[in-house]
A.B. asks: 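Dropping a structure here in C-alpha cells format, bear with me for questions.
In what follows, every chain begins at residue 1, and chains take the letters A, B, ... in the order their sequences are listed.
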2 protein chains.
Amino acid sequence: MRTPSVEDYIKSIYKAHAERGNVATHELADRLDVSAPAVSKMMRRLSELRLITHTPYQGVKLTRAGEKLALEIIRHHRLIELYLVQAMGYSWDAVHEEAERLEHHISEEFEERMDVLLGHPTACPHGDPIPTRAGTIARTSNRSLARQRTRERLIVRRVSDEDSKLLRHLESLGVTPGAAIEFVSQEPFEGPLVLQVGNTRVRLTPQAAKEVFVDAVDDDDG
Amino acid sequence: MRTPSVEDYIKSIYKAHAERGNVATHELADRLDVSAPAVSKMMRRLSELRLITHTPYQGVKLTRAGEKLALEIIRHHRLIELYLVQAMGYSWDAVHEEAERLEHHISEEFEERMDVLLGHPTACPHGDPIPTRAGTIARTSNRSLARQRTRERLIVRRVSDEDSKLLRHLESLGVTPGAAIEFVSQEPFEGPLVLQVGNTRVRLTPQAAKEVFVDAVDDDDG
DNA sequence: CAGATGACTTAACTGAGGTTAATCCAAACT
DNA sequence: AGTTTGGATTAACCTCAGTTAAGTCATCTG
C-alpha cells in the first residue's frame, strides 16, 4: 500500500473527477497509459485499501482518505515544481516530468522545508493551487480560454503543465499565470484566437487556448 | 533493468568490495536486509545485465559497467546529502535516509544543477568523496581511528553516515571531517579512546571510533 | 423489446522482487 | 581421503503491476 503506482491511480482519479465528474475505467486507462484490465484490477485493490468506493460497471469515487492522499501527492508535485523553478533555476516547462517522479519519494521533512524556503506558496509555476497539508485546496478557474466568444479583459489563472512545447510557446507570448490579457476575437472557421497581451497582439490556436484557464478581470483583481 | 532494487544491489556490491575485498552472498543479504536466496537470484539478473561477473559458490565482481552504475548512484547520494545540508538546512545526521530514496529518482539535470549550485563539490557532509560524472572517484582514508594505538596527531577524513545518533554524538565532540585531533591514549580493557580536539579532551568508545577514518597529519595538510 | 455494441471485468499469463524449505557444494577436520 | 558443516543455490510459492484474450453487463438502437 502507498506505492508510486497506487499514488498515481489516486491522483488520476482525483483529477479526472475534478475535470469530468464521473470517472470511467477507460478514462483512467488513457490517463495512466495502461490497459483497462489493469485499471479494473487496481480498482479492487484501492477499494480494499478504502481509498475509493467502486461499484462495478458504474464508476469510482474517492473516499475522504483517498482525497487526502491525492491532495498530498498533488501538494508534493506542485511544491517540487515551484522549488525547482525558484531555488534550482529550472525553466517552467521542464519541471513537470521531474516532479512526477519525485512526488512519490520525498519525506515530510523535505516537503516542509520546501514550503518554508518558498515562503508558504499558494500556487505552482503553472498557476495551480497548492493543497494545504491539512488536505484542503483553493478553488481555481475552470474557464478555458478556448470557450471565450466575446471581447473581454481576462486574467490568466493557470495553464496545463504537461506539454513543455506548449509551455515554451505560451511563455514567449506572455500568456502566463497572472497575466492580464484581452480576448479580442477568434478568426473564422475555428481559427486562432486574437489576444491583446500588454502592447502586443498575439494569436493562439484553439488547441493551445484549451489549456489556458482564465477569470474575468473584475472578479477579484484589476 | 535499472530499477531501484538493481541499483541498491550494485551499490552494496561496490561498497562491500571496497571494504572487505571479496563479496559473499550473505554479506549482501546482511547489507540489504534480504534473504540469501533473494541475493542469489538477483546475482543471476545482474549477470545477465552484464553488471557483474558471478561464479557460483565463489563470489561476485562488478564489471566496468557495474562500477560506473555504482559510482553514478553514489554520486547522486553524496550530492543529495550535501545539497540537503547546504541548500535546505538539513542537519548532517538526517540526510542519509532522504538521499537513500532520492538517489534513484533524480534526473541528469537535477544532478547537474546540484553540482553547479554547490560549486562542483568533492565530498559529502560526512567526508566521503563524490565520484565524478565520468565514473572516477578519489581515494580516501581507510584507516579507522579504532585501530590507532600510539599517540599521534590526525586529521578526521570521513565518518560513516548511516547512524544518525552516532553522527549527532560525533558532532557534539567536534569529531567531524576536516577536524585536526590528537589520539592520546586508550583506556585499559578496550576502554574509550582519549582524544584531544581543539582545547578539550574527549573520550570516544571503540564502537564509535570504528566508524571514524583518519589520516596522519603530515600526509597532505597540517 | 430483442439484439448489437462497446465498456467493464475476469481469466490466464509474465516478470520483478521477495519469502521459506530443501538441496548442493566446497572447504575444513579428523 | 571421507565426512561434516555452513554458506550458496534451487525449488516452490507469494504479491504487485502489468499484459492479451475471453466473457459479461448495460445501454442504445432498430
Side-chain angles (χ1 to χ4, degrees), chain A residues 1-14 16-17 19-62 65-66 69-70 73 100-101 103-105, chain B residues 1-14 16-17 19-62 65-66 69-70 73 100-101 103-105:
Chain A
M1 69 162 295
R2 261 207 79 150
T3 63
S5 198
V6 163
E7 293 179 350
D8 281 337
Y9 275 90
I10 290 295
K11 199 174 62 158
S12 288
I13 293 167
Y14 179 90
H17 180 74
E19 287 170 28
R20 297 221 197 301
N22 202 38
V23 182
T25 300
H26 94 257
E27 171 81 19
L28 293 175
D30 285 357
R31 282 176 185 263
L32 292 159
D33 197 27
V34 296
S35 64
V39 174
S40 266
K41 194 143 49 107
M42 183 58 97
M43 292 309 100
R44 237 188 60 206
R45 262 200 83 205
L46 297 180
S47 285
E48 284 161 7
L49 292 172
R50 307 259 169 241
L51 295 171
I52 62 170
T53 54
H54 179 225
T55 40
Y57 292 98
Q58 304 303 323
V60 83
K61 209 170 160 303
L62 293 180
L69 178 54
I73 304 306
E100 199 68 9
R101 273 177 287 109
E103 63 187 7
H104 306 297
H105 304 289
Chain B
M1 69 162 297
R2 261 207 80 151
T3 63
S5 197
V6 163
E7 293 178 350
D8 281 336
Y9 275 90
I10 291 293
K11 198 174 62 159
S12 288
I13 293 167
Y14 179 90
H17 180 76
E19 287 171 28
R20 298 222 198 298
N22 203 36
V23 183
T25 299
H26 95 259
E27 172 80 19
L28 293 175
D30 285 357
R31 282 176 185 263
L32 292 159
D33 197 28
V34 297
S35 65
V39 174
S40 267
K41 194 144 49 110
M42 183 58 98
M43 293 309 99
R44 239 190 54 208
R45 262 200 83 205
L46 297 180
S47 286
E48 285 162 7
L49 292 173
R50 308 258 169 245
L51 295 172
I52 63 170
T53 54
H54 180 226
T55 39
Y57 292 97
Q58 305 303 323
V60 83
K61 209 171 160 302
L62 292 181
L69 178 55
I73 304 306
E100 200 68 9
R101 273 175 288 109
E103 62 187 8
H104 305 297
H105 303 289

A.B. asks: Closest to the A/S35 side chain: D/dT19, C/dT19, C/dC8?
C.D. replies: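 It is D/dT19.
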A.B. asks: Please state how far atom CG in B/N22 lies from atom C1' in C/dA26, giving the value in whole angstrom units.
C.D. replies: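 For the pair B/N22 CG and C/dA26 C1', the rounded distance is 14 Å.
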A.B. asks: Any side-chain heavy atom of B/E27 within less than 4.5 Å of one from B/E19?
C.D. replies: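 No. Closest side-chain heavy atoms not under 4.5 Å.
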A.B. asks: Atom OH of A/Y57 and atom C1' of D/dT27: how far apart are they, to the nearest Å?
C.D. replies: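 The answer, rounded to whole Å, is 13 Å.
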A.B. asks: Tell me: CZ of B/R44 to P of C/dG15, nearest whole Å?
C.D. replies: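 Interatomic distance, CZ of B/R44 to P of C/dG15: 12 Å.
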A.B. asks: Without decimals, in angstroms, what is the distance between A/D33 CG and D/dG18 C1'?
C.D. replies: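 Rounding to the nearest Å, CG of A/D33 and C1' of D/dG18 are 12 Å apart.
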A.B. asks: Any idea which of D/dG18, C/dC8, D/dA8 is nearest the B/H26 side chain?
C.D. replies: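 Taking heavy atoms from C-beta onward, the closest nucleotide is D/dA8.
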A.B. asks: Closest nucleotide of DNA chain D for A/Q58 versus for B/K41: which of these residues is on the 5' side?
C.D. replies: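 Its nucleotide being nearer the 5' end, the pick is B/K41.
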A.B. asks: Using a heavy-atom cut-off of 4.0 Å across all strands, would you classify B/P37 as base, sugar-phosphate, or nothing?
C.D. replies: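 Since a base atom lies under 4.0 Å of B/P37, the category is base.
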A.B. asks: Any idea which of C/dT9, C/dC25, D/dC16 is nearest the A/T3 side chain?
C.D. replies: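 My answer, after comparing the listed nucleotides, is D/dC16.
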A.B. asks: How long is the line joining CG of B/L51 and P of C/dA16, in whole Å?
C.D. replies: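 The distance from CG of B/L51 to P of C/dA16 comes to 13 Å, rounded to the nearest Å.
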A.B. asks: Where the side chain of B/A36 is defined as all heavy atoms beyond and including C-beta, which of C/dG18, D/dT9, C/dC8 is the nearest nucleotide?
C.D. replies: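 From the listed options, D/dT9 comes nearest.
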A.B. asks: Using atom types as modelled, flag every donor-acceptor pair under 3.5 Å from a side chain in residues 6-14 of chain B to any protein atom, sequence neighbours excluded.
C.D. replies:
from	atom 1	to	atom 2	distance (Å)
B/E7	OE1	B/H104	ND1	2.6
B/E7	OE2	B/R2	NE	3.0
B/E7	OE2	B/R2	NH2	3.1
B/D8	OD1	B/H104	NE2	2.9
B/K11	NZ	B/E100	OE1	3.2
B/K11	NZ	B/E100	OE2	3.1
B/K11	NZ	B/E103	OE1	3.2
B/K11	NZ	B/E103	OE2	2.7
B/S12	OG	B/D8	O	3.2

A.B. asks: Can you tell me how far P of D/dG18 sits from CG of A/L28, to the nearest Å?
C.D. replies: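 In whole Å, D/dG18 P and A/L28 CG are 12 Å from each other.
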A.B. asks: Report which part of the nucleic acid A/M42 touches: base, sugar-phosphate, or nothing (heavy-atom distance under 4.0 Å, all strands).
C.D. replies: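 The residue A/M42 makes sugar-phosphate contact but no base contact.
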A.B. asks: Could you work out which one of D/dA8, C/dC8, D/dT9 sits closest to the side chain of A/A24?
C.D. replies: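 Looking only at heavy atoms from C-beta outward on A/A24, the closest nucleotide is C/dC8.
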A.B. asks: Over all strands shown, is B/S5 touching base, sugar-phosphate only, or nothing at heavy-atom distances under 4.0 angstrom?
C.D. replies: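 Counting heavy atoms under 4.0 Å across all strands, the contact made by B/S5 is with sugar-phosphate only.
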A.B. asks: Please tell me if A/H54 has a side-chain N or O lying less than 4.0 Å from either OP1 or OP2 of C/dT9.
C.D. replies: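 Yes, A/H54 has a side-chain N/O under 4.0 Å of OP1/OP2 on C/dT9.
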A.B. asks: What is the distance from CG of B/L32 to P of C/dA16, rounded to the nearest Å?
C.D. replies: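 Between P of C/dA16 and CG of B/L32: 18 Å.
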A.B. asks: Going through the checks in order, is the side chain to side chain contact (heavy atoms under 4.5 Å, CB included) test met by B/I52 and B/M43?
C.D. replies: CA-CA 8 Å; B/I52 63 170; B/M43 293 309 99; 3.7 Å; yes
A.B. asks: Just checking A/H105: does its NE2 atom have more than 12 heavy atoms from other residues, nucleotides or ligands closer to it than 6.0 angstrom?
C.D. replies: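 Yes - once you tally the heavy atoms of other residues, nucleotides and ligands closer than 6.0 Å, there are more than 12.
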A.B. asks: Scan B/S40 against the nucleic acid and name what it touches under 4.0 Å (heavy atoms): base, sugar-phosphate only, or nothing.
C.D. replies: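 Here B/S40 touches the bases of the nucleic acid.
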A.B. asks: Might you point out which heavy atoms bring A/M42 and A/S5 nearest each other, and give the distance in Å?
C.D. replies: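 Here A/M42 and A/S5 meet closest at CE-OG, 3.7 Å.
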A.B. asks: Check the distance between D/dC16's C1' and A/D8's CG and give it to me in whole angstrom.
C.D. replies: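 Atom-to-atom, A/D8 to D/dC16, this comes out as 14 Å.
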